[in-house]
There are 2 protein chains.
Amino acid sequence: MKQVAERAGVHVSTVSRALNPETRSMVVPESVARVMKAASELGYRLDPVAASLRTGRSKLVGILVPDIATNVFTPILTGATERLSEHGYSVIVAYVGGDSNKQLDLAQGLIARRVDGLILATASRDDPLVSFCIERGVPSVLVNRAEKETRLSGVVSDDLLGAQLAVDHLVELGHSRIAHLGGPREHSTGYLRHRGFIHALAANGLDAASAPTEFAETYTREQGAAAARRLLSAHPEVTAIVAANDLLALGAYDVIREAGLNCPRDISVVGHNDMPLVDMVEPPLTTIRISHKEMGRQAADLLQQAIETLDHPARNVVLPPKLIVRGSTGAPRKGAMKKAAKTAASNKSASISNEV
Amino acid sequence: MKQVAERAGVHVSTVSRALNPETRSMVVPESVARVMKAASELGYRLDPVAASLRTGRSKLVGILVPDIATNVFTPILTGATERLSEHGYSVIVAYVGGDSNKQLDLAQGLIARRVDGLILATASRDDPLVSFCIERGVPSVLVNRAEKETRLSGVVSDDLLGAQLAVDHLVELGHSRIAHLGGPREHSTGYLRHRGFIHALAANGLDAASAPTEFAETYTREQGAAAARRLLSAHPEVTAIVAANDLLALGAYDVIREAGLNCPRDISVVGHNDMPLVDMVEPPLTTIRISHKEMGRQAADLLQQAIETLDHPARNVVLPPKLIVRGSTGAPRKGAMKKAAKTAASNKSASISNEV
DNA sequence: CTGAAAGCGCTAACAT
DNA sequence: ATGTTAGCGCTTTCAG
């Protein structure tokens with residue numbers, strides 16, 4: 001930097017000001033030009049480490065994602081990274097397991113690296129890491145999963161509505177024996193999609209209280225299959241399954257096939273997420289589409305706001321999901337149409353509250 | 001740190017030495033204990049930014065991946081991140097497009113952040129970024145794709161062998177009219193899988209020179225479909241397709257279906273990568289399995305070596321791929337078995353060289 | 001084995 | 001508008 005200063009015939013502090021967009025206006029344009037020229041001639045670039053040490057800021061943000069990053073988290077990551085890098089931020093990714101202490105450690109490590117903010121894709125409905133970030137005053141936002149209470153800004157899909165869309169679609173096809181293949185209830189996704197399912201059933205005049213329901217412990221095809229097996233053996237009468245997630249739905253496919261049944265002839269299945277390739281499985285999966293990449297982008301925006309205006313109110317962005325009808329849903333099998341809700345029931349359930 | 005020093009009754013430099021594993025041995029154990037105690041009581045952690053400014057090292061590594069991170073790069077990333085974080089490194093991910101200048105910029109940004117090393121998942125067969133990293137003396141390794149010449153260490157799958165496995169399998173099933181759906185030839189994967197295809201054909205006594213071949217410009221389902229369309233309209237006689245990649249193979253599925261044909265009855269298809277869910281598409285895809293996560297892990301190991309012993313020889317790790325037979329391959333359709341190689345041809349082609 | 005002191009490269013008061 | 005100066009928190013010679 002000193003060399004640049006000499007070459008441009010100014011003092012280092014002027015170089016600093018000229019090179020930093022935020023302070024550039026303090027310097028007369030002519031000097032700026034000379035500094036820029038000298039810098040590029042010398043191939044000089046500001047040292048972010050030294051700057052970071054001095055300012056406490058870093059233009060770095062940390063993203064914590066679950067280590068099972070095989071599906072929805074990748075587009076969230078790319079969306080967020082893309083947007084963030086447009087604004088000069090770099091992204092440190094930490095893949096975290098379920099261990100809450102290790103999560104805290106990782107977060108502390110990132111904070112020690114002076115990240116300007118954190119994006120958490122890992123939150124449970126009541127997450128100690130969120131408390132931690134708030135205590136430490138680190139600008140943070142949630143993505144994909146929200147907490148029970150809105151303590152931090154975040155962006156999620158309208159999971160309640162998504163599940164309702166699924167149920168409404170099935171009811172329109174004539175189903176009344178609808179079961180739920182639920183996800184982990186400690187995550188807002190699992191919890192809300194279940195609640196959306198229940199509400200939609202009731203709104204369609206079906207018996208929500210006794211609706212067959214099984215929960216998978218994790219969002220995997222295997223756990224989905226296990227839960228589906230429990231579901232179908234206890235309730236052979238069901239004609240349709242609303243799964244909390246595509247992978248779970250695919251697990252249900254496995255079970256349906258191994259039971260010698262056919263989807264959708266014997267049982268209809270609806271997934272959630274519309275992850276890549278589910279349009280190519282057999283049968284192509286009817287599901288609820290979420291734009292995960294857009295979630296990532298908006299989370300990035302939210303985080304930038306949180307960084308810039310430190311004392312901002314927590315704000316929740318809820319993205320609308322969309323029903324994508326493909327081949328895994330159809331009319332219920334003959335003999336199963338008992339007391340079906342004949343009223344055209346679409347959207348009956350659209351106005352229930354969206355608290356987590 | 002000064003506070004810790006006071007509390008432990010030693011000088012800051014002793015604290016520094018005690019807290020750093022590398023220099024801990026210089027300090028008498030008793031002092032170490034006192035320092036550790038004081039530090040944990042004060043909740044003190046070393047500041048990596050300040051340390052980095054002083055030492056020039058950072059315990060940070062950068063990974064450059066193509067921004068189309070929808071498939072194989074995620075497991076590479078998680079594998080590498082997992083392994084690296086075991087050794088105290090954090091990972092900065094940069095998603096890069098094809099623009100070579102932007103790539104250089106991004107890399108420079110990472111270097112400015114004083115990353116200890118770089119993992120490149122983006123390399124073309126002759127990549128300016130590799131030259132750049134070498135010039136700048138930044139420890140770097142390649143993953144998934146290699147260069148024509150081995151200038152840097154790297155880990156790849158044996159792409160040549162993979163393609164051969166595919167061809168041998170098809171020949172064993174009785175095919176002789178085998179076409180290639182190639183990937184971008186500027187990448188080692190596209191280039192080598194094509195060469196493997198050619199060699200295997202020749203090794204099986206088939207006419208390699210005139211084998212129908214079309215190349216997709218990118219590894220996407222859409223480009224795969226486009227290339228497959230060209231392929232099948234020019235060569236309706238083919239009974240089997242060796243695709244350079246699963247996504248390409250899936251594009252071929254689309255075309256086969258739109259032509260009113262059936263896979264595998266009319267045409268067999270083999271993919272490459274064994275990405276998630278290709279076992280669930282219809283028909284389940286026969287493909288070449290690569291352990292991308294393992295590639296990521298080994299790349300991490302290689303990078304650590306490169307960081308530790310600066311003047312090491314470039315070393316190429318080649319991982320063995322595996323044929324996974326599923327439902328997309330079968331005997332050739334009747335009337336198509338012309339001059340099929342009747343000799344049991346398996347592994348005939350196993351010993352050709354593996355240069356990129 | 002430990003203490004002293006000199007910076008790593010930058011930024012932000014403060015002074016001019 | 002620009003120059004002066006004092007560190008940010010650490011590591012690492014160099015002395016003792």
field: Sub-4.5 Å side-chain heavy-atom contact between B:Leu60 and A:Arg113
entry: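 Yes - at least one pair of side-chain heavy atoms lies under 4.5 Å apart.
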
- request: Would you check if B:Arg17 and B:Ser31 make a side-chain contact, meaning some heavy-atom pair closer than 4.5 Å?
  value: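 With C-beta onward as the side chain, the pair stays apart.
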
message: Please encode protein proximity along nucleotides 8-16 of chain D as a string of B, S and -, counting only heavy-atom distances under 4.0 Å.
response: BBBBBB---

message: What I want to check is whether the side chains of A:His187 and A:Thr189 have a donor and an acceptor closer together than 3.5 Å.
response: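 There is no such pair between these side chains.
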
message: Rounding to an integer number of Å, can you tell me how far A:Met26 CE sits from D:dG3 C1'?
response: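 After rounding, the gap between these two atoms is 14 Å.
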
Value in whole Å for how far the P atom of C:dC10 lies from NZ of A:Lys59: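 Those two atoms, NZ and P, are 17 Å apart.
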
- prompt: For the residue pair B:Val155 and B:Asn316, what are the closest heavy atoms and their distance?
  reply: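 Answer, listing the atom of B:Val155 first, then B:Asn316: N-OD1, 4.5 Å.
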
- prompt: Which atoms form the tightest heavy-atom contact between B:Val115 and B:Gly62, and what is the distance?
  reply: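 Here B:Val115 and B:Gly62 meet closest at CG1-N, 3.9 Å.
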
B:Ser31 side-chain N/O to C:dC1 phosphate OP1/OP2 under 4.0 Å: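 Indeed not, no polar side-chain atom of B:Ser31 lies that close.
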
